[in-house]
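Only this structure's heavy atoms are used, side chains among them; waters, hydrogens and symmetry mates stay out. The chains referred to below are lettered A, B, ... by the order of the sequence lines, with proteins before strands, and numbering in each begins at 1. Since we're looking at a predicted model, the values are computed, not measured.
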There are 2 protein chains.
Amino acid sequence: MTGSAANGDDILALLRANGLRMTPQRRAIVAEIMATDGHINPADVARRVRQRVPGVNASTVYRTLDMLEDMGVLSHAHLETGAEYHRSSEGLHVHLICSRCGSEDALDAAEIEQLRDVVAQRRRFRPDFTHFAISGICAACAASAN
Amino acid sequence: MTGSAANGDDILALLRANGLRMTPQRRAIVAEIMATDGHINPADVARRVRQRVPGVNASTVYRTLDMLEDMGVLSHAHLETGAEYHRSSEGLHVHLICSRCGSEDALDAAEIEQLRDVVAQRRRFRPDFTHFAISGICAACAASAN
DNA sequence: GTCGTTGCAAAGCGTTTGCAACTAT
DNA sequence: ATAGTTGCAAACGCTTTGCAACGAC
């Protein structure tokens, strides 16, 4: 339930420690995830994995992603297009998404801290800004538009 | 493209001004929306409207919600369960959602302002905190849990 | 009469499920 | 041998689409 596994070996150990098994399908899925920086949605992961290793069923991909999230290897966040997975080891990641052009950026740890403080100032709610993206208008679009 | 219509008459006027028509189906959908505080998703709106006015097709509901959003009468936000519509006239509304118990709360204008400032401090990105919810742990859950 | 609007029916898409066969351990 | 895992195929829920009929203006 913990692990911030950074590589295949760590993940294998994690599975073993929980009585789970490392199958060829899981190897392929983990490899795909580890090869991808940033986020990809379940359907995309399924497509990509199947492209490399034709035998992998989509339902296996969905079940594996769920499992990896339970193990703490993956996390998901909600972007405009829906849920996206990313490696938990990538650390705090708050997505800024331009609603006009779709470009993406990210806040750093200090900024996230400040956002948390604003909320904590008046509420006992402990916000997790990584779970949902923050929509808005990027500098470029603000300059060129309205 | 503008309107913050608060009642049926305003909406009718808005449609007229844009060469659109007020049909019985639209009347039913608008009535349902106006009778609901908070948010409901498209599928729910469809179900509720059909319950009241059996003749209304689901595709009509989807098309009408899209149209009303284009007109500025409705807005949508992204919550854990997906997209939710709400009346634009309800004003700035930032959703705080507890990921443990699902309870909801909202930030007020002053807090939203402060969040904006945090981002503006170092970026030219203009955030819209209303578009995505903010996930986190509510006070009650933080107290009862580990 | 015009043109926006609707219902219908079908299809699309991502996702989930039950179950028998398979296989990592 | 034991349980975890997979593929299959079907079903699911939400949403979209093309098109002919309809109806608000």
What pairs with [X] under side chain to side chain donor-acceptor pair (under 3.5 Å), at least two apart in sequence or on another chain?
X	answer
B/Asp44	B/Arg47
A/Glu113	none
A/Arg52	A/Glu32

Listed by chain and number, what are the side-chain contact (heavy atoms from CB on, under 4.5 Å) partners of B/Ala28, not counting sequence neighbours? B/Val49, B/Val53
So how far off straight is the helix from C/dG1-D/dC25 to C/dT25-D/dA1, going by the axes through five pairs at either end, to 10°? 30°
Under the ring-ring contact (aromatic ring centres under 6.0 Å, His included) rule, what pairs show up with a residue in residues 100-121 of chain B, not counting sequence neighbours? none
Sequence neighbours excluded - ring-ring contact (aromatic ring centres under 6.0 Å, His included) pairs with any residue from residues 19-56 of chain B: B/His39-B/His95
First and last nucleotide of DNA chain C in contact with chain A, 5' to 3', at under 4.0 Å to a heavy atom: what are they? C/dG14 to C/dT25
With sequence neighbours left out, which residue pairs that include part of residues 131-143 of chain A fulfil the salt bridge (Lys or Arg N to Asp or Glu O under 4.0 Å) condition? none
For DNA chain C, which residues in residues 75-84 of chain B have a heavy atom at a distance below 4.0 Å?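 Here the set is empty: none.
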Which residues within residues 58-69 of chain A lie with some heavy atom under 4.0 Å of an atom in DNA chain C?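 Within this stretch, A/Ser59, A/Tyr62, A/Arg63 sit under 4.0 Å of the strand.
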Scan residues 42-51 of chain A against DNA chain D and write down, sorted by residue number, each residue with any heavy atom closer than 4.0 Å; if none is found, say none.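 Residues of residues 42-51 of chain A under 4.0 Å from DNA chain D: none.
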